[in-house]
Protein chains: 2
Amino acid sequence: MITLRQLRFLTALAEELNFSRAAEVCFVTQPTLSAGLKELEQMLGVQLAERSKRSVLLTPIGEEIATRARAVLLAAHEIEDLAAAHKAPEEGDLRLGAIPTIGPFLIPKALPHIRAAFPKLRLFLREEKTDSLLEGLASGRLDVVLMARPFEIGTAEFTPLFDDGYHLATPPGWGRAGGAPVDGGALEGARLLLLEQGHCLQRHALRAFPDRDIQQDESFSATSLPTLISMVSEGLGITLLPDLAIDAGVLSGQQVDIAPLTGACPRHVILAWRSTSARKPVFQALADILRQTRTGLLPAAPG
Amino acid sequence: MITLRQLRFLTALAEELNFSRAAEVCFVTQPTLSAGLKELEQMLGVQLAERSKRSVLLTPIGEEIATRARAVLLAAHEIEDLAAAHKAPEEGDLRLGAIPTIGPFLIPKALPHIRAAFPKLRLFLREEKTDSLLEGLASGRLDVVLMARPFEIGTAEFTPLFDDGYHLATPPGWGRAGGAPVDGGALEGARLLLLEQGHCLQRHALRAFPDRDIQQDESFSATSLPTLISMVSEGLGITLLPDLAIDAGVLSGQQVDIAPLTGACPRHVILAWRSTSARKPVFQALADILRQTRTGLLPAAPG
DNA sequence: TTTCTTTTATAGAGATTATCTATATAATAG
DNA sequence: CTATTATATAGATAATCTCTATAAAAGAAA
């Protein structure tokens, strides 16, 4: 029978490609890891790593087994999590990931309520793009993620939080925008500035009007909403801003005009987790808090 | 860190609900299993089993953890399988399950070819109904199963083998059946005998003509095709027989008339396996052999 | 080439852990 | 009340694991 420890040794070696460093990661000495791995190779009857005295490389079968080993270790860890969550569902560490176009505008307002609801919970926050969040969720690096659909989320489970529409942001005095609602026609042919590739907001904005031909001006791409707004205030073009960001005050002090954008397909903001997670009740409670936090912000319509 | 052995102890106890017998299953003594389980409970910090001196019962969290433990152990075992399959993909034990309305008519003819293709393979055969096959596949009790769709197969992977149509079987001299093809109209209002509930053939036959109202005569249900054919030959009613069974000679010596049944939705015979299995190439080769075996039997049309 | 550095493998000692047998303890059936 | 069945505990033994120290090999540098 192979052991979880041996599998842990293998995954550590797969990541470090160095026996000594892998041993450190596992909090054992290098001979211990060497012996454990040798034992695993003997038990399985296959060579997992090619060792030259100078470098280590996993064999193809070693890579495959390392991949499966990671899954086994994650599942075993989830058993421990399940037990811990059963003892005290509202304690312990919770690693929450969020996309940059939602997290900073929702989480800070929600934090006091989360603290109040789960005083013993230690919340770790990370901002990453959607692809990275989902990878982190699947690998066990994150416990729960805040993101926006439409997006392929694989085997994760989720609950919808709220829909998030757009405002049109234009340079001061640009065209007709003076607070009155505008429709998608305002975007056609305009110099539309968006976030760089990889931000789901960029994809979502381009598809907000499926029937219109909307093109991004790719001569400049911003890496954050504040930067994007600055570019608009400089007169470089117009952009779409999520209602959530506006309500959270992302415009404060920036010289741009905004107008509600009617008829756009909104982003569906969701909270997602591994379907095997033991803490669904906490996630549902967290979702309730986030929904109420959104409602508590300024209403989207007036702008 | 919990160990695989502890998880094994838990699953054994979950099945036996008895420390001594669980210990036997794990090839250790009862004190060893007691100690191991106690250790697991301490590590997880939750009570897994309620022990009275007279009976053992898993706690709810114990049941949940036992379920996950089975998954972890299966995944760990698959790592060992993967290594063994890598060493010698065409050796070792292969546990093949098949439904009773297909297996006996296909496997015997295929066996010589399988032996020839994989001389070192030890093939274990089981006949079970579809539900049981899929459960066995998911739990690791079976490696590969031979069954018929439409059927919900969950997360299993599969490859289609061939389609299997029907003949109408009637008592000698009954009505017009004299070998000439008949259509679904022959079934309406007739005393239709089928296998008992749980056999997918029963469900499939009732749905062979979605547009017709076909009712099973439930006063007698057969438990096997030969029994069913005997009932028809006794004049108790008519039935549908899979072409495969007829071509394999299930009628030999029985006094019934048969006629090809046109327009019926055929059963889609498939070979299915766990998507995580390490032996897909062997399964694909097995599928090829089964397809060729079917082709080698008498053609279905003449009857 | 020689030496130094880096890296993995091996040896042997010591300590921890696991497993067994034997037995205690408890509960139920007869 | 006794016999039976089932789980927990104790203590001895055996197995295993992990450590330190060191060897061996392969590049890199002098």
Side-chain angles (χ1 to χ4, degrees), chain A residues 1-63 65-66 69 72-73 76 80, chain B residues 1-63 65-66 69 72-73 76 80:
Chain A
M1 180 70 129
I2 60 178
T3 70
L4 288 178
R5 170 200 304 263
Q6 291 165 347
L7 296 182
R8 175 73 188 111
F9 286 175
L10 177 62
T11 61
L13 184 65
E15 293 189 7
E16 299 293 337
L17 291 179
N18 175 304
F19 277 65
S20 303
R21 283 200 303 276
E24 266 184 58
V25 170
C26 297
F27 302 106
V28 296
T29 58
Q30 169 263 316
T32 298
L33 186 128
S34 280
L37 219 86
K38 192 174 192 175
E39 201 177 34
L40 181 61
E41 285 184 323
Q42 279 183 344
M43 279 182 168
L44 295 179
V46 296
Q47 188 182 357
L48 300 172
E50 290 180 28
R51 309 113 152 115
S52 72
K53 290 284 171 181
R54 204 69 193 170
S55 71
V56 174
L57 199 71
L58 287 206
T59 61
I61 184 72
E63 286 284 1
I65 290 179
V72 171
L73 290 168
E80 298 177 312
Chain B
M1 179 70 131
I2 60 179
T3 69
L4 288 178
R5 170 197 308 258
Q6 291 165 346
L7 296 182
R8 174 73 187 110
F9 286 174
L10 177 62
T11 61
L13 185 65
E15 293 190 7
E16 300 293 337
L17 290 179
N18 175 302
F19 278 65
S20 303
R21 283 201 302 277
E24 267 183 56
V25 171
C26 297
F27 302 106
V28 297
T29 58
Q30 169 263 316
T32 298
L33 186 127
S34 281
L37 219 84
K38 193 173 192 177
E39 200 178 36
L40 181 61
E41 286 184 323
Q42 280 184 345
M43 279 181 167
L44 295 179
V46 295
Q47 189 183 356
L48 299 172
E50 290 181 29
R51 310 117 152 111
S52 73
K53 290 285 172 180
R54 202 70 195 171
S55 69
V56 175
L57 200 72
L58 287 206
T59 62
I61 184 71
E63 285 284 2
I65 289 179
V72 171
L73 290 167
E80 297 177 312

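Chain letters run A, B, ... following the sequence lines, proteins first, then strands; residues in each count from 1.
- The phosphate of dT7(D) has OP1 or OP2 within less than 4.0 Å of a side-chain N or O from Asn18(B).
- Rounding to the nearest 0.5 Å places CG of Leu44(A) at 10.5 Å from CD of Glu39(A).
- Distance check, rounded to the nearest 0.5 Å: CD of Glu80(B) to CD1 of Ile65(A) gives 9.5 Å.
- Look at CD on Glu16(A): it is 16 Å from C1' on dT8(C), rounded to the nearest Å.
- When rounded to the nearest whole Å, the span between CZ of Phe19(A) and C1' of dT10(C) equals 14 Å.
- The two residues Leu13(A) and Ala49(A) make their nearest non-hydrogen contact at CD2-CB, 4.0 Å.
- At whole-Å resolution of the value, CD in Gln42(B) and P in dA18(C) are 12 Å apart.
- When the C1' atom of dT19(C) is taken as reference, atom CG of Leu33(B) falls 12 Å away, rounded to whole Å.
- One atom, CG of Leu40(B), and another, P of dA18(C), lie 12 Å apart when rounded to the nearest Å.
- Note on Ser34(B): every side-chain N or O is 4.0 Å or more away from OP1 and OP2 of dT7(D).
- Of all heavy-atom pairs spanning Val72(B) and Ala76(A), the tightest one is CG2-N, 4.0 Å.
- Between Gln6(A) and Leu4(B) there is no side-chain heavy-atom pair separated by less than 4.5 Å.
- Taking atom CD on Gln47(A) and atom C1' on dA9(C), their separation rounds to 14 Å, with Å as the unit.
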Quick one: side chains of residues 24-33 of chain A, donor-acceptor pairs under 3.5 Å with protein atoms, not counting sequence neighbours, listed by atom name and distance.
residue	atom	partner	partner atom	Å
Thr29(A)	OG1	Thr32(A)	OG1	3.0
Gln30(A)	NE2	Ser34(A)	OG	3.2

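- Taking the nucleotide of DNA chain D with the nearest heavy atom to each of Arg21(B) and Lys38(B), the more 5' of the two is matched to Arg21(B).
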N/O-N/O pairs, protein side and nucleotides 12-15 of chain D side, under 3.5 Å:
none

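- Atom P of nucleotide dT7(D) and atom CG of Leu48(B) are separated by 15 Å, given to the nearest angstrom.
- Considering every non-hydrogen atom in both Met1(A) and Leu73(B), the closest pair reads CE-CD2, 4.0 Å.
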Give every pair of a protein N or O atom and an N or O atom of nucleotides 16-20 of chain D that lie under 3.5 Å apart, one pair per line with the distance.
residue	atom	partner	partner atom	Å
dT18(D)	OP1	Arg5(A)	NE	3.4
dT18(D)	OP1	Arg5(A)	NH1	2.4
dT18(D)	OP1	Arg5(A)	NH2	2.8
dC19(D)	OP2	Thr29(A)	N	3.0
dC19(D)	OP2	Thr29(A)	OG1	2.8
dC19(D)	OP2	Thr32(A)	OG1	2.7

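- Using modelled atom types, no side-chain atom of Glu63(A) and backbone atom of Leu58(A) make a donor-acceptor pair closer than 3.5 Å.
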